[in-house]
Amino acid sequence: MTDIKIPIANPLVGDEEIEEVLKVLKSGMIAQGPKVEEFEKKFAKCIGSKYAIATNSGTAALHVALLSAGIGEGDEVITTPFTFIATGNSIVYTGARPVFVDIDPKTYNIDVDKIEAKITPKTKAIMPVHLYGQPALMDKINEIAKKHNLIVIEDAAQAHGAIFKDKNVGNWGDMACFSFYPTKNMTTSEGGIITTNDKELHDKAQKFRAHGASKRYFHDEIGYNFRMTDIEAAIGIAQLKKIDGFNESRISNANYLNENLKDVKSIKTPFLEDDSKHVYHQYTILITKGNRDDWVEFLTEKGIGTGIHYPIPLYNQPIYKKLGIDGDCEFAENAADNVISLPVHPSITKEDLDIIIDVIKQASSKFS
């Protein structure tokens, strides 16, 4: 078995997180309690939103946001097929149908110029994904949504701290959803959160995440048990103090890779959109010469961890074919066949980066 010396991800949890968790364990309040409320307030302040509603996963956050927006049976939600399946599944959970729009081949985000062609009388919302930590073109998306009276829900699972046109991701749509899975830019071990500036949406989301209850044992909706625990929130509170530093490390690492790989002819390094702060949840290159699987095998042999984000457009997933959810997105399919994510996380050293650069250049010579 190959020894991976430079892993694709490495969650950074230190003494501060351990101390916060121990305090919670000793308090006896380990389910949703005061730490969750504290985390919600601090995360909202960090993002710049009025409200935040913590959940037990990023997927649950998306599901709750859609329910709070009134999305349900027979509705359509426009999104991208080039994302983790949770994006599409959250729509399916409500009884609605995802409608897939192709991606911009430079940014891998939804192509805003192709959205309006997919709008029908059944369309109720647009769910853009800030893929890899790069903001989608939210100004144009909001213009389209306003024109057609649509809800906008940002899938910001990979974009903690990302900024577009001087406004934080998480404040552009009616709601936004973040994930705190261990590989994300910050973690709570598992968990998610919804941000919004709308009090009505906030109140609805609070209900849906807690069995549809307006107060204990009084249930107005069919809700779910999607609550975050105080243990998870304690980790999140400690991580919030570090997120800016984590992101700056990712950006610095990505810039170093960009500079040193820019002349490698058989790859395309990440494109940075104007007026954007890309927080590089993933540093993803496109292979333009050679077979992607051969590249992955070579990198693995050299001890470099890789990821493929994502190998299958959602409409080609077996379950979506079974459900009759289709799509035809040329650029998403090309990206799915040819992208590789490289390590860029905060624990990467300059020595690690130099090794990655050298191995990429070797691979380019080998497969060109």
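Keep in mind that the numbers below use all heavy atoms, side chains included, and drop hydrogens, waters and symmetry copies. These numbers were taken from a predicted model, which means no experiment stands behind them.
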For residues [X] and [Y], report the shortest heavy-atom separation together with the two atoms involved.
{"X": "G48", "Y": "N168", "answer": "N-ND2, 4.4 Å"}
{"X": "T94", "Y": "I71", "answer": "CB-O, 3.6 Å"}
{"X": "E17", "Y": "V13", "answer": "CB-CG1, 3.5 Å"}
{"X": "V344", "Y": "A254", "answer": "CG2-N, 3.7 Å"}
{"X": "F164", "Y": "P135", "answer": "CB-CB, 3.7 Å"}
{"X": "A176", "Y": "G170", "answer": "CB-CA, 3.4 Å"}

Can you get from [X] to [Y] by hopping between Ile, Leu, Val, Met, Phe, Trp and Tyr side chains that sit under 4.5 Å apart?
{"X": "L150", "Y": "M175", "value": "no"}
{"X": "I356", "Y": "I8", "value": "no"}
{"X": "I126", "Y": "I103", "value": "no"}
{"X": "L240", "Y": "I194", "value": "no"}
{"X": "V279", "Y": "I348", "value": "no"}

Sidechain N-carboxylate O distance under 4.0 Å for [X], [Y]:
{"X": "R97", "Y": "D75", "result": "no"}
{"X": "K45", "Y": "E40", "result": "no"}
{"X": "E221", "Y": "K204", "result": "no"}
{"X": "E116", "Y": "K140", "result": "no"}

> How are the rings of F84 and Y310 set relative to one another: parallel (under 30°), tilted (30 to 60°) or perpendicular (over 60°)?
Replying inline: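 F84 vs Y310 ring planes: tilted.
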> Do the rings of Y132 and H309 sit parallel, tilted or perpendicular, given the 30° and 60° boundaries?
Replying inline: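 Geometry flag for H309 against Y132: perpendicular rings.
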>> Can you list, by chain and residue number, the hydrophobic cluster partners of Y93 when the side-chain cut-off is 4.5 Å?
In response: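 Cluster partners of Y93: none, it stands alone.
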In the structure I gave you, are the side-chain heavy atoms of [X] and [Y] within less than 4.5 Å of one another anywhere?
{"X": "N197", "Y": "N171", "result": "yes"}
{"X": "Y51", "Y": "K199", "result": "yes"}
{"X": "F100", "Y": "F82", "result": "no"}
{"X": "I340", "Y": "V296", "result": "yes"}
{"X": "L353", "Y": "I6", "result": "no"}
{"X": "L323", "Y": "V92", "result": "yes"}

[X] side-chain N/O to [Y] backbone N/O, donor-acceptor pair under 3.5 Å:
{"X": "S90", "Y": "A86", "value": "yes"}
{"X": "S252", "Y": "E248", "value": "no"}
{"X": "S179", "Y": "G192", "value": "no"}
{"X": "D102", "Y": "I110", "value": "no"}
{"X": "R292", "Y": "V339", "value": "yes"}
{"X": "N142", "Y": "W172", "value": "yes"}
{"X": "E232", "Y": "T229", "value": "yes"}
{"X": "D293", "Y": "W295", "value": "no"}
{"X": "N334", "Y": "F331", "value": "no"}
{"X": "D198", "Y": "D174", "value": "no"}

>> side-chain contact (heavy atoms from CB on, under 4.5 Å), that's the test. Do L261 and I360 meet it? Break it down for me.
In response: CA-CA 8 Å; L261 294 175; I360 289 293; 3.7 Å; yes
In Å, rounded to the nearest 0.5 Å, how long is the span from [atom1] of [X] to [atom2] of [Y]?
{"X": "T195", "Y": "I53", "atom1": "OG1", "atom2": "CD1", "value": "8.0 Å"}
{"X": "E143", "Y": "L137", "atom1": "CD", "atom2": "CG", "value": "10.5 Å"}
{"X": "N185", "Y": "Q282", "atom1": "CG", "atom2": "CD", "value": "9.0 Å"}
{"X": "L67", "Y": "K207", "atom1": "CG", "atom2": "NZ", "value": "13.0 Å"}
{"X": "M186", "Y": "I235", "atom1": "CE", "atom2": "CD1", "value": "10.0 Å"}
{"X": "M127", "Y": "I91", "atom1": "CE", "atom2": "CD1", "value": "4.5 Å"}

Would you list the atom pairs, donor with acceptor, under 3.5 Å between side chains in residues 22-32 and any protein atom, with sequence neighbours excluded?
unit_1 : atom_1 : unit_2 : atom_2 : d
S27    : OG     : V24    : O      : 2.6
S27    : OG     : M29    : N      : 3.1

Decide whether [X] and [Y] meet the rule of one side-chain donor and one side-chain acceptor closer than 3.5 Å.
{"X": "S347", "Y": "N10", "answer": "yes"}
{"X": "E154", "Y": "H130", "answer": "yes"}
{"X": "D220", "Y": "S214", "answer": "yes"}
{"X": "S276", "Y": "H278", "answer": "no"}

> For E330, which residues count as a salt bridge (Lys or Arg N to Asp or Glu O under 4.0 Å) partner, sequence neighbours excluded?
Replying inline: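 E330 satisfies salt bridge (Lys or Arg N to Asp or Glu O under 4.0 Å) with no residue once adjacent residues are dropped.
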> K35: what forms a salt bridge (Lys or Arg N to Asp or Glu O under 4.0 Å) with it, not counting sequence neighbours?
Replying inline: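 Salt bridge (Lys or Arg N to Asp or Glu O under 4.0 Å) check on K35 returns E20, E38.
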> Is there a side-chain contact (heavy atoms from CB on, under 4.5 Å) between I193 and C177 once you walk through the steps?
Replying inline: CA-CA 6 Å; I193 206 163; C177 301; over 6 Å; no
>> Which residues pass the side-chain contact (heavy atoms from CB on, under 4.5 Å) test with V99, not counting sequence neighbours?
In response: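 Applying side-chain contact (heavy atoms from CB on, under 4.5 Å) to V99 gives E76, I78, K118.
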> Would one find more than 12 heavy atoms of other residues, nucleotides or ligands at under 6.0 Å from atom NZ of K167?
Replying inline: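 Above 12, so yes.
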> Looking at Y280, Y181, F180, which hits ring pair (Phe, Tyr, Trp, His ring centres under 6.0 Å) with H160?
Replying inline: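 Among the candidates, only F180 passes.
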> Please walk me through it: do F246 and L12 pass side-chain contact (heavy atoms from CB on, under 4.5 Å)?
Replying inline: CA-CA 9 Å; F246 288 166; L12 292 178; 3.8 Å; yes
> Any chance the rings of Y108 and F271 have centres within less than 6.0 Å?
Replying inline: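 No - the distance between ring centres of Y108 and F271 does not fall below the 6.0 Å cut-off.
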> Run the side-chain hydrogen bond (donor to acceptor under 3.5 Å, both in side chains) check on Y315 and D328 step by step: do they pass?
Replying inline: CA-CA 8 Å; Y315 55 79; D328 181 14; 5.2 Å; no
Determine all donor-acceptor pairs shorter than 3.5 Å in which one atom belongs to a side chain in residues 56-66; sequence neighbours excluded.
unit_1 : atom_1 : unit_2 : atom_2 : d
N56    : ND2    : N225   : O      : 3.4
S57    : OG     : T59    : N      : 3.4
S57    : OG     : A60    : N      : 2.9

> Given the rule in the side-chain contact (heavy atoms from CB on, under 4.5 Å) test, do I287 and I285 qualify, once you have shown the distances and angles that lead to the verdict?
Replying inline: CA-CA 6 Å; I287 304 304; I285 62 173; 4.0 Å; yes
